[in-house]
Every structure is written in structure tokens, then in C-alpha cells.
Amino acid sequence: MMDITKKNQALYQEKLTTPEGVAAQVKDGQRIFMDIALAQPKAILDALCQRARQGRMSDVSLSMLMDIYPADCYQPDPPAGLHTVSLFCGAGARRAVNAGQCDLLPGYYRDFPRIIRENREVNVFCAAAAPMDSNGYFSLGTAASVSQTLIDKADVLLLEVNEHVPYSFSAPVIHISQVTALCENNMQLPAMKAAELDEVSLKIGALIANEVRDGSTLQLGIGAIPDAVGMALREKHNLGIHTEMFTDSMVELLQCGAVDNSRKPIHRGRSVATFAFGSQRIYDYIDHNRAIEMLPVEYVNDPAVIARHPNFVSVNSALEVDFFGQVCAESIGTYQVSGTGGQVDYVRGAVLSPGGQSFIAFPSTAKGGTVSRIMPTLTPGAIVTTGKNDVDNIVTEYGIARLRGRTLRERTENLIAIAHPKFREELRYAAKKRNILI
């Protein structure tokens, strides 16, 4: 055992270099991929951008999911030679995507592993990882997501080792013998700013929580409303977690005892997610915790897997909804603000679940109360995220509109009833003009 440990340590020292040394492993014309959020190695990313800025890179492509760092490659004057592709249009990439300086790869999150295997060239995989264990393995910690697909397809594996990355027993691992080069960067992991739970989000959270039965399994999205739902569920019992993103509200539910995963038909006793992002509280909870399983997105977000959980409850957000129930959650008109992510997967999975429910929730107005989010038609150019045939329930602070199994007339009436009161007459007039309401 000691000989194996010494051999692994020797390999580690042999492959250890600076972030600049790691970036130098990338050759002209290669295609680099990074996974989601905290899986992205910041020091290596900065070194790649610097190398491109110095003119030492040509025809290199860099693809990432849910970009969280304001990298140099996304600035108004991006470095030549490094072309970026976003698989989600996160906050880091949003300006560049809308300026035409970063390309966008549309798709359902669960489909990205297959898309990568069948349609995308991958030469280099870069990742942030927890320190090497005694057997020579690095845990990718906060993300399973698409990482295993990238590990399998890439010829070059580059790691940024960070002692603050939590060790996950179920996330993908990379052995030191597979690593081309690595560097160390013990930066504190960035934390997502906690969403402000205002009166509107708390009202919506309470409305949805009232619909949740004891023993239900949960998926909660990002933002104030999903967090408010989580906070409103603390008095429930025997809840489970099977979710795309592991969040602070889920840690709260686990630690207060509302979630114990005892009634899940699969992964009983364990919370399942494909990645985590939030506060240090989350990262501490994941670290060496066998009750948290970080699994590949093509499994976690598979509607058939989701549907195996009775009384599944899915909560996601939207920017606007029209009379048909078409949900736009990723653009304001033609301005891209996000990606499809897993919303559709969980809407479909929840509806297929025995007793399951899907909720698309949002404040009734935008722009300081001057615009209704419930619209006769979507804003021209708006992207349909969840289609009219998949949508289940729409929620605002004024109530829940049941859409699934309802006619267009019934949908319109239900949606107008939960619109802000000052827009209801205007919406009713538009519906009558189109002969939806008589």
C-alpha cells in the first residue's frame, strides 16, 4: 500500500505545474470543454484567456455550462484565437452571447452528454477537483453533470486541485495516471448571493407548499420563489430530494428533518442531484457525505427516472406565459438571458409521476409593476421553454392556475384570475378580441 501511495505522489509531483503550465498543454485547433458552475477551474480559465490574449493560441474553442466567472474571453474585446460556446448562457456569458461574441448551443440539459458524444469534438477536459486521495483519485465534488462523458471523450485531462472543493463519493473521479497536467489553487469557492425572500415570493412559496403532500419528492429550481417554497416546507414530513441543482433550501430541509428520503422508491435514504451551487453551507454538507449522491444529468434529469417517484413536485420559474400556457424562461424577446436547463425534463417527469405536480411560478408583474408576466401572446422573439402540451400549473402571488387538461378558454380564464388585478381587464379584452372568451 505504501508503495502505491508513493507512486501516486511521485506522479502528482511530476504533473504539478502552474496554471500557465497547464494552459500550455492546449494545442492550436483543439476543442476544450468544462462542466457546470464550480466544476470550472478559475485559474486555468484565466491562464487560457491570458495565453490567447498574448497571441499564443489559434482556432481554439472553449465550451462551458452555466458560466459563473466573468472571464476575459467574455469581455467586449475577447482575445483572438479563443472562441467560446455556452451551453446555458449563464451570467458570465450573457453579454457576450447577445453581442455575438459567444456562440450558444441549445438543448435540454439531460441531452448534453449524448449531444457531446455524438456531435461535438472534445480534445481537452478541464475541471476543478478535490485533493487526491490515498489511492490516487480526484473527486470532481460539486458536479457529476456531463463530466464523465467529457472524461471518456477527451484525450487531455487538466485539473485544478482545490482543498475547498468538497469530496463526493458518487461524483466522477479521475486517477492521477489519467491526468495530463495539474495545478493547485486553494481559492474559496464562490457563493451564490442568497435570494431575497420578499412578500411576493413568500406568498407564492406558501401557495405551493400547501399543495405538497408528506412523502413527496422535490425538485426546486433557482431563485427566491423555489427558496421560499423550501422554507415553507419545514413542517412537512418524510420528503425526498431528486433534483438538478442542490440548493441551500434543501440543506435546510434536511437539517430540520423535513427531508429524510425515507419514502423514495429508488436511492432511498439519499438525496440525488447532478450539481450543487450556493453557500458554503452546501459545500460543507456535501463533503464526505454518503447521503448525497451527485449523479450524471442524463440519469438525474431523465423524465422516466423522475416519474418513478410518486407525488413528485417540481418547482421552476418563468419570465412570461401566454394564454395557451406557453412558458418562456430563457429570453426577454430576442435577448437571451438563460438556457433551457432541466425545466422541461422535470415538468414532464412530474406529470408522469403518480400524484405528481409541476409548478411554474413567478411574480405577476415585471419592471416595477408596469408589465404583466401573463400575456395574450409571448413577446415577439421570445423562446418557448415549456410548451403548451407539457405545462401543468402556473402560480403567481394571486393563486394557482390549473392548465393541464383544460381548454384554451379555461386556461385563459384561469390565467387571468391569477394576473395582477390592474391587468385583468386588459387581458380579458385581448381574449375577447381573439374570440377566446365570448
Side-chain angles (χ1 to χ4, degrees), residues 8-75 77-86 90 92-93 96 102 122-132 136-143 147 150-151 154-167 172-191 283:
N8 290 334
Q9 289 293 344
L11 278 174
Y12 185 99
Q13 292 302 320
E14 178 185 320
K15 297 178 179 185
L16 179 63
T17 181
T18 63
E20 293 73 25
V22 172
Q25 302 296 318
V26 177
K27 309 304 179 188
D28 289 348
Q30 289 191 320
R31 302 297 177 249
I32 310 168
F33 268 77
M34 298 180 185
D35 205 336
I36 194 164
L38 299 175
Q40 295 159 17
K42 187 177 187 306
I44 294 176
L45 177 59
D46 289 345
L48 287 167
C49 294
Q50 181 183 39
R51 190 172 179 81
R53 185 70 70 186
Q54 294 168 345
R56 295 190 290 164
M57 191 175 284
S58 176
D59 188 31
V60 173
S61 171
L62 172 61
S63 300
M64 292 185 281
L65 284 86
M66 202 173 94
D67 334 73
I68 63 171
Y69 296 116
D72 182 40
C73 54
Y74 293 138
Q75 297 309 305
D77 58 337
L82 180 62
H83 313 291
T84 52
V85 179
S86 177
C102 173
V122 181
N123 307 116
V124 180
F125 174 51
C126 302
M132 185 176 72
Y137 288 96
F138 300 89
S139 167
L140 299 191
T142 62
S147 288
L150 296 172
I151 292 167
D155 300 315
V156 175
L157 302 182
L158 306 176
L159 292 186
E160 182 174 310
V161 181
N162 185 345
E163 64 185 17
H164 297 293
V165 172
Y167 188 98
V173 294
I174 297 174
H175 193 265
I176 184 61
S177 61
Q178 299 173 271
V179 177
T180 305
L182 60 88
C183 63
E184 296 176 343
N185 177 27
N186 292 320
M187 60 174 273
Q188 289 289 333
L189 297 180
Y283 315 146

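Throughout, residue positions are numbered sequentially from 1 according to the sequence presented.
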S.K.: Heavy-atom distance under 4.5 Å between the side chains of V60 and I32, does that happen here?
M.R.: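 The answer is yes; the side chains approach within 4.5 Å.
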
S.K.: If we check side chain to side chain contact (heavy atoms under 4.5 Å, CB included) with T84, which of these qualifies: C73, S61, C49?
M.R.: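 The option that passes is C73.
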
S.K.: What I'd like to find out is whether the side chain of T180 reaches to under 4.5 Å of the side chain of D155, using heavy atoms alone.
M.R.: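 Not touching, per the 4.5 Å side-chain cut-off.
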
S.K.: If the threshold is 4.0 Å, N to carboxylate O, is there a salt bridge linking D72 and R51?
M.R.: no

S.K.: Side chains of V22 and L48: closer than 4.5 Å at any heavy-atom pair?
M.R.: no

S.K.: Report the relative orientation of the aromatic rings in Y137 and H175; use parallel for angles under 30°, tilted for 30 to 60°, perpendicular for over 60°.
M.R.: perpendicular

S.K.: Checking side chain to side chain contact (heavy atoms under 4.5 Å, CB included) against L140, which of V173, I174, V165 comes through?
M.R.: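 Going through V173, I174, V165 one by one, the side chain to side chain contact (heavy atoms under 4.5 Å, CB included) with L140 is satisfied by I174 alone.
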
S.K.: Any heavy-atom pair between the side chains of F33 and V124 that's under 4.5 Å?
M.R.: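 No; the side chains remain at least 4.5 Å from each other.
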
S.K.: If you look at every heavy atom in P190 and M187, which pair is closest and at what distance?
M.R.: CD-CE, 3.9 Å

S.K.: Does M34 reach the side chain of P41, with side-chain heavy atoms less than 4.5 Å apart?
M.R.: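 Yes, at least one pair of side-chain atoms sits under 4.5 Å.
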
S.K.: Please name the pair of heavy atoms, one in S58 and one in D28, separated by the smallest distance, quoted to 0.1 Å.
M.R.: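 Smallest interatomic distance, heavy atoms only, reads N-OD1, 3.0 Å.
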
S.K.: State, with a plain yes or no, whether a side-chain heavy atom of I68 is found less than 4.5 Å away from one of L38.
M.R.: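 Heavy-atom side-chain distance check passes, below 4.5 Å.
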
S.K.: With rounding to the nearest 0.5 angstrom, report the OH to CD distance, Y69 to Q40.
M.R.: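 Rounded to the nearest 0.5 Å, the OH-CD separation comes to 7.0 Å.
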
S.K.: Any side-chain to backbone donor/acceptor pair from Q13 onto Q9? Under 3.5 Å, distance only.
M.R.: no

S.K.: Going by an N to O cut-off under 4.0 Å, is there a salt bridge joining D59 and R31?
M.R.: yes

